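Please read the structure below before turning to the comments.
Only this structure's heavy atoms are used, side chains among them; waters, hydrogens and symmetry mates stay out. Here is how names work: the chains are called A, B, and so on, in the same order as the sequence lines, proteins then strands, and each is numbered from 1. What you are looking at is a predicted structure, and each value in this text was computed from that prediction instead of being measured.
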Number of protein chains: 2
Amino acid sequence: MKTAHPPTVSAIRPEDNHLLAALAPCTLARLLPRLKFAHLSLGQVLYEPDVEMRQVYFPTDCIVSLLYVMQDGASAEIAVVGNEGVLGVSLFMGGESTPSRAVVQSAGGAFSLPRLAVKEEFNRHGELMHLMLRYTQSLITQMAQTAVCNRHHTVDQQLCRWLLMSIDRLSCNRLLMTQELIANMLGVRREGVTEAAGKLQKLGVITYKRGKIEVLDRGRLEVLSCECYAVVKRETDRLLNRKPRQH
Amino acid sequence: MKTAHPPTVSAIRPEDNHLLAALAPCTLARLLPRLKFAHLSLGQVLYEPDVEMRQVYFPTDCIVSLLYVMQDGASAEIAVVGNEGVLGVSLFMGGESTPSRAVVQSAGGAFSLPRLAVKEEFNRHGELMHLMLRYTQSLITQMAQTAVCNRHHTVDQQLCRWLLMSIDRLSCNRLLMTQELIANMLGVRREGVTEAAGKLQKLGVITYKRGKIEVLDRGRLEVLSCECYAVVKRETDRLLNRKPRQH
DNA sequence: AATACCATGTACGTTACCGCACATAGTGGA
DNA sequence: TCCACTATGTGCGGTAACGTACATGGTATT
């Protein structure tokens, strides 16, 4: 068997997740005893469609995709969640499951919180509730924009957006990700990604090599991306009031 | 000026909205004094992007589209809301606005409830809160599926889905809707809709004439539609537990 | 009844993406 | 060192939807 990469222990504190970090100390203190750190590996499935979720996850340095897989096997990414958010919103929204699947797209850490603990704290109707609901709205924005993007924008633009969303959720400009996997997320052919990525490399915006992608010119990536990236970013910043003005 | 159609007064009771109907009598009684009935006309804009909402709307027999309009004027429908739901979820989710716009797609009635009244009742953390959150999850499902649909399905299939979603929210099989408007919702060319609708008419599934569409064979429409319609319907039924099993 | 407008039909070249087939080149394990 | 595997590159015909242009035929206004 291939030697697993030693779980790069870089972000292991609850505060590495922005939502947990935003909680008042006393709220966080209540949760701490029940928060469990876990390393999530590439490809790991956190939730299967229509199966009751057993816990929420607060990513610290992993990235998780919400994917819908169709009957014929084709797939499409609905949203992506990293250290800015939480997985399993259906637990407090009341549905307990969704028709989509949650797959780890970039290995890393996350804190899990059991279902009961989530509901208990949510039912205090305090800051955690309000924070979770606001985050859920930002997730809604992301999904809505994904719908728009899928309708109107080219693969080239969508790849730019996807890369930006990914590096925003990591601490560095590199990601471990094959074109095949990106194609799965975007719901396009692998060859389409090869072509789009080739153009970006030729432009000097990224470099890549067998599953390792590095973003060289973030600014240019933003220009080449469609407006969807900025719309979601602005709205997310607004909702979770991270610096109302970022310039 | 063209004589406005006399506001067809067909659904004017709060219980004509499924969410209001699901509330316990005492809860509804609290809301009643502040619920205001209004006739919403075709094309009316309920919310503008990024503008604070002033009330929620519970449709009784109108249909409202959540639309995102891009910088270049192109648009795409994100979700559709009728008597099964409520408009303005951002008011209780905490964001107060969204980047999208809400436009009346089919004229009809709705009850509005002022912002403060919504928050007051929501903050009781009772059945209204739970109902609204579950509805919001069903809205999330719809948006997610719209993203998938935009990625993978043909205009033909999407038109079928769109027609089904529309007549589900009306009491009859007819809708007043030009192909131009449908094209705006789907985010495709008007000619594309003409072609798709032409095929459906040739098959005897619908008939239409200058802005009047009638569905003749609902069953066939479901077969011709993509799986997205059924996924959203099943999930919505589950979440708002309207007959857990519908067969 | 005449007219202006609007909804729909149709045609045609263009483009983005698909499906498929196959070539090339790193990489890890035997 | 060799081999098998995986990731990426490339070419080609097919197709769905686009942009544009224009024709036809209802409907409302005068």
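Closest heavy-atom contact between Cys228(A) and Arg161(A): CB-CD, 3.6 Å. When all heavy atoms of Thr60(A) and Asn83(A) are compared, the pair lying nearest together is O-CB, 3.1 Å. A pairwise comparison of heavy atoms in Val205(B) and Leu221(B) identifies CG1-CD1, 3.5 Å as the closest pair. Scanning both residues, Pro99(A) and Val231(B), for their nearest heavy atoms gives CB-CG1, 4.1 Å.
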Can you give the donor-acceptor pairs under 3.5 Å from side chains of residues 100-107 of chain A to other protein atoms, not counting sequence neighbours?
| residue | atom | partner | partner atom | Å |
| --- | --- | --- | --- | --- |
| Ser100(A) | OG | Thr98(A) | OG1 | 3.1 |
| Arg101(A) | NH2 | Glu48(A) | OE1 | 3.0 |
| Gln105(A) | NE2 | Ser65(A) | OG | 2.6 |
| Gln105(A) | NE2 | Glu77(A) | OE2 | 3.3 |

Name every donor-acceptor pair, under 3.5 Å, that has one atom in a side chain of residues 167-174 of chain A and the other anywhere in the protein, sequence neighbours excluded.
| residue | atom | partner | partner atom | Å |
| --- | --- | --- | --- | --- |
| Asp168(A) | OD1 | Arg218(A) | NH1 | 2.9 |
| Asp168(A) | OD1 | Arg218(A) | NH2 | 3.2 |
| Asp168(A) | OD1 | Tyr229(A) | OH | 3.4 |
| Asp168(A) | OD2 | Tyr229(A) | OH | 2.5 |
| Arg169(A) | NE | Glu84(A) | OE1 | 3.2 |
| Arg169(A) | NE | Glu84(A) | OE2 | 3.2 |
| Arg169(A) | NH1 | Met165(A) | O | 2.9 |
| Arg169(A) | NH2 | Glu84(A) | OE2 | 3.2 |
| Arg174(A) | NH2 | Glu214(A) | OE1 | 3.4 |

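Residues forming a side-chain hydrogen bond (donor to acceptor under 3.5 Å, both in side chains) with Gln145(B) (at least two apart in sequence, or on another chain): none. In this structure Ala196(A) satisfies the side chain to side chain contact (heavy atoms under 4.5 Å, CB included) test together with Val155(A), Asp156(A), Leu159(A), sequence neighbours excluded. By the side-chain hydrogen bond (donor to acceptor under 3.5 Å, both in side chains) test, Arg13(A) pairs with Asp16(A), sequence neighbours left out.
Atom pair Arg190(A):CZ and dC17(C):P shows a separation of 16 Å (rounding to whole Å applied). Between the P atom of dG25(D) and the NZ atom of Lys212(B) lies a distance of 19 Å, rounded to the nearest Å. Going from atom CD of Glu191(B) over to atom C1' of dA21(D) covers 10 Å, rounded to whole Å. Atom CG of Leu186(A) and atom C1' of dC18(C) are 15 Å apart (whole Å). Nucleotide dG9(C) holds its P atom 12 Å from the CD1 atom of Ile182(B), rounded to whole Å.
Of the N and O atoms on the side chains of Thr141(B) and Arg234(B), not one donor lies less than 3.5 Å from an acceptor on the other residue.
Listed in residue order, the members of residues 194-203 of chain A having a heavy atom less than 4.0 Å from DNA chain D are Thr194(A). Of the residues in residues 62-76 of chain B, none lies under 4.0 Å from DNA chain D by heavy-atom distance. For the segment residues 148-167 of chain A, residues with any heavy atom less than 4.0 angstrom from an atom of DNA chain C are, sorted by number, Thr154(A), Val155(A).
Residue Gln157(A) qualifies as enclosed at atom CD: its count of foreign heavy atoms under 6.0 Å is above 12. The environment of CD in Glu227(A) is crowded: more than 12 heavy-atom neighbours from other residues, nucleotides or ligands sit within 6.0 Å.
Looking at Arg151(B) and Gln158(A), their side chains come closer than 4.5 Å, going by heavy atoms from C-beta outward.
Within the 4.0 Å cut-off from OP1 or OP2 of dG9(C), at least one side-chain nitrogen or oxygen of Tyr208(B) is found.
Taking CG of Asp217(B) as the start and CG of Leu203(B) as the end, the distance is 9.5 Å to the nearest 0.5 Å. Note: His153(A) NE2 to Asn150(B) CG = 11.5 Å, rounded to the nearest 0.5 Å.
For the helix from dA1(C)-dT30(D) to dA30(C)-dT1(D), the terminal axes (five pairs an end, C1' atoms, rotation from four pairs onto the next four) enclose an angle of 30°, given to 10 degrees.
For the pair Arg238(B) (side chain) and Gly95(A) (backbone), a donor-acceptor distance under 3.5 Å is present. With hydrogens and angles disregarded, a donor-acceptor distance shorter than 3.5 Å links the side chain of Ser138(B) to the backbone of Tyr135(B).
The ring pair (Phe, Tyr, Trp, His ring centres under 6.0 Å) analysis of residues 42-71 of chain B, with sequence neighbours excluded, yields the pairs Tyr47(B)-Tyr57(B).
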Which atom pairs link the protein and nucleotides 3-7 of chain D when you take only N or O atoms and keep those under 3.5 Å?
| residue | atom | partner | partner atom | Å |
| --- | --- | --- | --- | --- |
| dT6(D) | O2 | Arg210(A) | NH1 | 3.0 |
| dT6(D) | O2 | Arg210(A) | NH2 | 3.0 |
| dA7(D) | O4' | Arg210(A) | NH1 | 3.3 |

Please produce a list of atom pairs where a protein N or O lies less than 3.5 Å from an N or O of nucleotides 12-15 of chain C.
none

